[in-house]
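Written below as structure tokens is the structure these notes are about.
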Amino acid sequence: QVQLVESGGGYVQAGGSLRLSCAASGRTIATYPMAWFRQAPGKEREFVAAITWNGGSTHYLHSVRGRFTVSRDNAKNTVFLQMNSLKPEDTAVYYCAASPLGGLPTTRADFGSWGQGTQVTVSS
């Protein structure tokens, strides 16, 4: 089982940027599709972004497309989420997840390993 630890969350004003990191340990994630999800208070956890094992393909939640960029460094066993032009509605706990499946899964049930989450708060 791979262990995932997110970092980089914090408090930022609207229009600002944050870069989240997800460091994996226990085994390599080099062959796993990876994704970011988020959960706001009182809401379901939702998909944000996903990336294939080699970084060749990505997919985004419509509302973050053009503002967020998911990337990975397999040599460092780490996945990133660059978040620009942040909005108050982006406020949530952000989780990274690893999937044992191939391709580019985007459904929560497709991911078997999860981090503990990092809080992102965007003020208006």
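These numbers were taken from a predicted model, which means no experiment stands behind them.
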Is there a donor-acceptor contact under 3.5 Å from the side chain of R67 to the main chain of S85? yes

Between T118 and G9, is there a donor-acceptor pair closer than 3.5 Å when you use the side chain of the first and the backbone of the second? yes

Restricting to non-hydrogen atoms, name the atom on L81 and the atom on A49 that form the minimum distance, rounded to 0.1 Å. CD1-CB, 4.1 Å

V12 and V48: same hydrophobic cluster, using ILVMFWY side-chain contacts below 4.5 Å? yes

Under the side chain to side chain contact (heavy atoms under 4.5 Å, CB included) rule, what do F47 and T107 come out as? Steps first, then yes or no, please. CA-CA 7 Å; F47 167 81; T107 302; over 6 Å; no

With salt bridge (Lys or Arg N to Asp or Glu O under 4.0 Å) as the rule and sequence neighbours excluded, what pairs involving residues 28-50 come up? R38-E46, R38-D90

Counting C-beta onward and ignoring hydrogens, is there a side-chain heavy-atom pair between E6 and L20 closer than 4.5 Å? no

Taken to the nearest 0.5 Å, the spacing of Y95 OH from L4 CG works out to 13.0 Å

Please determine whether residues V79 and L61 belong to a single hydrophobic cluster, defined as Ile, Leu, Val, Met, Phe, Trp and Tyr linked transitively by side-chain heavy-atom distances below 4.5 Å. yes

Quick one: do the D73 and T78 side chains pair a donor with an acceptor below 3.5 Å? no

Could you list all the disulfide (SG to SG under 2.5 Å) pairs where at least one residue sits in residues 84-124, not counting sequence neighbours? C22-C96

Plane angle bin for F68 and Y94 - parallel if under 30°, tilted between 30 and 60°, otherwise perpendicular: tilted

Could you give the distance from OH (Y60) to OG1 (T69), rounded to the nearest 0.5 Å? 4.5 Å

What verdict does the side chain to side chain contact (heavy atoms under 4.5 Å, CB included) test give for F111 and S99, after you've listed the backbone C-alpha separation in whole Å, the side-chain angles of each residue and the deciding distance to 0.1 Å? CA-CA 4 Å; F111 292 82; S99 174; 3.6 Å; yes

So how far is it from L18 CG to Q82 CD, rounded to the nearest 0.5 Å? 8.5 Å

Roughly how far, to the nearest 0.5 Å, is the OG1 atom of T121 from the CD atom of Q13? 13.0 Å

Between G117 and V93 the two heavy atoms that sit nearest each other are CA-CG1, 3.8 Å

Euclidean distance, R72 CZ relative to T58 OG1, rounded to 0.5 Å: 12.0 Å

What pair of heavy atoms forms the shortest contact from V122 to T91, and how long is it? N-OG1, 2.9 Å

I'd like to know if the side chain of N74 reaches the main chain of W53, judged simply by a donor and an acceptor atom lying under 3.5 Å from each other, with no hydrogens or angles considered. yes

Taking every non-hydrogen atom, the tightest pair across R27 and N77: O-ND2, 3.2 Å

Any cation-pi pair here, R108 with F37, using under 6.0 Å and within 45°? no

What heavy-atom pair brings A50 and T106 nearest, and what distance separates the two atoms? CB-CG2, 4.4 Å

Ignoring hydrogens, what is the shortest heavy-atom contact between S113 and Q1? Give both atom names and the distance. OG-NE2, 3.3 Å

D110: partners by salt bridge (Lys or Arg N to Asp or Glu O under 4.0 Å), with sequence neighbours left out: none

Point-to-point distance, once rounded to the nearest 0.5 Å, from NE2 of H59 to CG of L104: 7.0 Å

Walk me through whether V70 and W36 qualify under side chain to side chain contact (heavy atoms under 4.5 Å, CB included). CA-CA 8 Å; V70 59; W36 289 92; 3.9 Å; yes

When you group the ILVMFWY residues by side-chain heavy-atom contacts below 4.5 Å and let the links chain together, are V2 and M34 in the same group? yes

